[in-house]
Amino acid sequence: MLEISYIRENKEHVIERLAHRGFDGREVIEKIATADENRRKVQTTLDRNLAEANQMARKIGELFKSGQKDEANALRAQTGELKESNRQLESEMHAYEQELKELLYHVPNLPHQLVPTGKTAEENELLKGGGEMPQLGQDALPHWELAQKYQLIDFELGVKISGAGFPVYTGQGARLQRALINFFLDQARDAGYREIQPPLVINEASGYGTGQLPDKEGQMYHLERDDLYLIPTAEVPITNLFRDERLSHKEFPVKLTGYTPCFRREAGSYGRDVRGLNRLHQFDKVEIVQVAHPDASYGILDEMVEYVKSLLDQLELPYRVARLCSGDLGFTAALTYDMEVFSAAQQKWLEVSSISNFETFQANRLKLRFKDEHGKSKLAHTLNGSALALPRIVAALLENNQTEQGIRIPKALVPYTGFEWIN
RNA sequence: GGAGAUUUGGCAGAGUGGUCGAAUGCACCGGUCUUGAAAACCGGCGUACCGAGAGGUACCGGGGGUUCGAAUCCCUCAAUCUCCGCCA
C-alpha cells in the first residue's frame, strides 16, 4: 500500500510511475486525494466539536460537585445537539477512512527506476546468467517420463488421493525432495539467515499484510469454517511475523529463512505449461526474507540475487537472470529479479526464483516500523526471494543430468541425498 | 466441547463513572556528584491523527452500546490461564 502522505505530496509523480506499469491511476489517485482531503476536513471539525463536548462534560461534573444542580441540568440539556452532530461526523469520517483504505488497497506499488518498460514477460531484461547448457541426445526424456521410469513421482496416485497438481513423491524421488530442502536451508543458514518454521495456515489480517488480500483471494485455498487460508508462500507468515512491530535500526538487517509447502489454486492457468512438475497446486519451497533499512535495501536485493546464483551454481544448472519489465512486475513489488533454469529436454526456461524489493509497500500495510538513528519512526523495507522452489529445480535436474546409466546427482547434493545416481 | 478467572504504557502493577493518557516500581535517556563506575539525587520518558503554530482529538485486548461524562457499567468477539471432557 502506498503511503498517503507520499501520494498527497507527489500526485503527478505517482500517476506517472503507475502509468509506467501500465496502470492508469489518474482517476483513482484523484479519488484518493479527494477522500484524503475530505477526511482531514471532517477530522478538524470533529476534533473541535469533541473538544467542546469534553469541556461541557467537565463543567457539568464540576457543577454537580459544587451542588449547583439546576445549572448542571441546564447545561446537560444543551449537549444533545452537539452529540448528535458528532455522531454524524464520526460516521462520516469513518466512511472516508474506509473509502481511502479500499482505494489504496487496489493501487499497485511504484516500479523502481531500473524496471524496464514492457507489457509481457517477453520484454523482461535478460541479465547475465551462468552454468553450461547440457547437450542431450535425440532420445532425451522430459522429466515426467523420467519420473515414471525411475519411479520418482506418481502423478496418477496424487490425482486419486487429492487431485491434479498434487504429486506423490516416492523412493529416491521423495529423498531428493528432502535433500534439496535440507541443502537449501543449510546454505541459507551459512549465509546468515535464521531458520523459521511458520504455520502453514494464516488468518485474514496476514493475507492483507503482505498483499495477497484483497486482490489475489482466488489464488489461495480458503478454509471457510475457520476463516483461514493455506499459505501460497512462506513469505506470508514469515513477513507477518513483523506485523505491528517496531524495530530498532540496530537490529538490521533482519534475515530469515523457512521451508514450507506452498499451496496455490492456480485458477485460470489450466492448460498452460502444466505438464509434470511445471505447475502444481502444492509444492515445496525454501524462502528467504529480509527486513531492511531503506537506505540498504537495494544493496541487499543484489546480495540476495547473488546468493540464489550461488545455489544454482552448486546445483550445476544453467540459469539466466531476468529483470522483470513493468508489465510483468507483481502488484506489490518495486523491483523483481526472476531466476530461470534451463530444462534441457523440454527446451524451456523455467522460473525457479523470484526476488523482490517491496520497499515500504508491505511495511505500510503491516505497520512495520523502525526507530532510526535520530529516534524517528519510519517504515522499514521488506524483501524476499525463493531460495529455491523445488519442482522446477527437480525437473531440470532430472532432464539435464540424464545419462544411459541413470540420473546423475550434482556433487553438492550427494551428502544430502546419500546417493550419486538415480537408477 | 463445557465451567470459571484474566486481558491497563517496554516489563511489573494500581486504578469500579468526572479533575485518568492513566499512580508506583523496574528498564531506558539526560544531568548532578565521582579520577572513572556504581549508589544516591534531580529531570525526562507511549502511539497515531488533525493543526502553520498554540494546541486539539483518539487509543487501557478488538468491535459496539449506555451516559452530559467510561480504563471503570452493559453486549459481543478474540486471546491467555485453571479445571473437566476428547485426542495426537
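Convention: sequence-line order gives letters A, B, ...; per-chain numbering from 1.
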So that I can tick it off, tell me whether A:R26 and A:E12 are bridged by a salt bridge, with the cut-off set at under 4.0 angstrom between side-chain N and carboxylate O. yes

For A:R39, report the nucleic acid contact type (base, sugar-phosphate, nothing); a contact means any heavy atom under 4.0 Å. sugar-phosphate

Strictly by modelled atom types, are A:S206 and A:N203 linked by a side-chain donor-acceptor pair under 3.5 Å? yes

Are any of the side-chain nitrogens in A:E340 or A:K348 under 4.0 Å away from the carboxylate oxygens of its partner? no

Between A:R87 and A:R369, which residue's closest nucleotide on RNA chain B lies nearer the 5′ terminus? A:R369

Min side-chain heavy-atom separation A:I422-A:N401 under 4.5 Å: no

Contact check, side chains of A:L180 and A:Y416, non-hydrogen atoms, under 4.5 Å: no

Closest to the 5' end of RNA chain B, once A:A51 and A:T79 are matched to their nearest nucleotides, is A:A51

Nearest-Å distance for atom pair CZ/P, residues A:R40 and B:A48: 18 Å

C1' atom, B:G46 versus B:C29: distance in rounded Å? 15 Å

Length of the line joining A:N49:CG and B:C68:C1', which is rounded to integer Å: 15 Å

What's the gap between B:A52 and B:A58 when it is taken at their C1' atoms, as a whole Å value? 22 Å

Between the side chains of A:S5 and A:E3, is a donor N or O closer than 3.5 angstrom to an acceptor N or O? no

Quick one: A:K41 NZ to B:U57 P, roughly how many Å, whole number? 22 Å

Separation of atom NZ in A:K378 from atom P in B:A48, rounded to whole Å: 14 Å

B:A27 to B:A22 separation - P atoms, rounded to the nearest Å: 23 Å

Under-3.5 Å N/O pairs linking protein and nucleotides 58-62 of chain B:
none

Taking pairing as Watson-Crick or G-U wobble with both contacts under 3.5 Å, can you name the mate of B:A70, or confirm there isn't one? none

